[in-house]
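None of the values given here were measured: they were computed from a predicted structure. In listed order, ligands and their atoms are each counted from 1.
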Amino acid sequence: MRAPLRLGVAGLGTVGAAVVRLIGQEQSSLLARTGRPIEVVAVTARSKAKKRGIDLREIRWVADPQRLAADPDIDVFVELMGGADDPAKSAVAAALAAGKSVVTANKALLARHGVRLAELAEKKGVALNFEAAVGGAIPIVKTLREGMAGNSFARIYGILNGTCNYILTRMEREKLAFAECLKDAQRLGYAEADPTFDIEGHDTAQKLAIAASLAFGTKVNPAAIYVEGISSLTPEDLEAADELGYRVKLLGVAVRTETGIEQRVHPTMVPKDSEIAQVMGVTNALSIDADGIAPITLVGPGAGGGATASAVVADIGDIARGVRTPTFGRPARELTASSKAPMQRHEGGYYIRLLARDRPGTFATISKSLANEQISLESIVQRHPGPRTHGGDDPKSPEAPAPVILITYATTEDAVRRALQAIRRTGVIVGQPQVIRIEKG
Ligand code: HSE
């Protein structure tokens, strides 16, 4: 039998404890499938005393991650501490420099330092595996990097943040306000410590930057992504979307265009019968449009100890088998720089919700401003003013603002912005229009 693969695990929170537990449970199956025993030989964490529900008696305790990373008695450093910078960054770099393969679930670290760490891993001929960083248990990384290595990608788009999808699902189904659903997501432990990271789209952007690198060979760079979160969405938007045959999802989209790879994260209307629209609650998904084949959608649990441990252990299994793939699927020096998507040039359909004064000529004014920008309408719906949607105005007053919902055919973002400015100048609407981009499945 081949010598055991010896692991040093840094970080014993929910994920770290789940990894230690899973390796213990699946010992014989892992041996059968990889040809090597896999053993956790050393661990490090902030507190030695904390109760974790795992047996650490036979496992050596190392005082700090940096020392564990360079420990001569480990073959693989498993980084589950989190955080974009130190201690995770120095420890991972130290392990790679010492010629050890690394497995990490740390999307923030990869988003900020992934390219440099990949260069170091490749120089040393070791693996830097990170399946758990994007979409939890869903094998997104392996699918893009190995499973579809023979395909050219046109577009990838997905639901990569469970918290946002949970909030949108509850707002849609129960007609609840955003803030109430967010509180529940926090109570249930889905949201990051700082929930703005989830709801303003930054968590999705980090995951998208990694997935886009695998699909399109771009350098991982969240700064190249246009990011807009879900906090301005109202139950009325989701209700209107539903009536018009759409659902609203926070999508991360990377698409090949004539001018380069456009990467963006924003609330998106998707047709109700599309695969991505069926994904509800904390579940994650990624749809992949590749040249020459029908689209593929991967769906599954995107967060939590068990889901993350599943991906981490699969990555360890690859190392036990001797698989050493370039981190982002091709040599790091060949990755191309990506620049920020100029959203004004974005083309597609738009949902626009306006609060329009209910008086003669309002529709004519709106239509004229849209026509001036060559924007053609697929649908237009006016709702009766109601107490939920128009603030303090008296709904019986002849000019009380009423929500008007427009769905446009494909146009450009520039044209939409100019038309809305023109409409605002005429005084026929009150407040800020709500604009949601439509993505066709
Ligand atoms: N806060 C993240 C989410 C956890 O809601 O998906 C997984 O990255």
query: Do the charged groups of R345 and D414 touch, with an N to O distance under 4.0 Å?
result: no

field: For E174, side-chain hydrogen bond (donor to acceptor under 3.5 Å, both in side chains) partners two or more places apart
entry: R170

Salt bridge (charged side-chain N to carboxylate O under 4.0 Å, His left out) against D75, all qualifying residues, sequence neighbours excluded: R6

task: Evaluate whether atom CD of Q66 has more than 12 neighbouring non-hydrogen atoms of other residues, nucleotides or ligands under 6.0 angstrom away.
output: yes

message: Quick one: does any side-chain atom of K183 pair with a main-chain N or O of F178 as donor and acceptor, under 3.5 Å?
response: no

- request: Identify, with sequence neighbours excluded, every residue that meets ring pair (Phe, Tyr, Trp, His ring centres under 6.0 Å) alongside Y351.
  value: none

message: I need the contact residues for ligand 1: any residue with a non-hydrogen atom closer than 4.0 Å to the ligand, ordered by chain then number.
response: K107, N161, G162, T163, Y190, E192, D198, D203, K207, A303

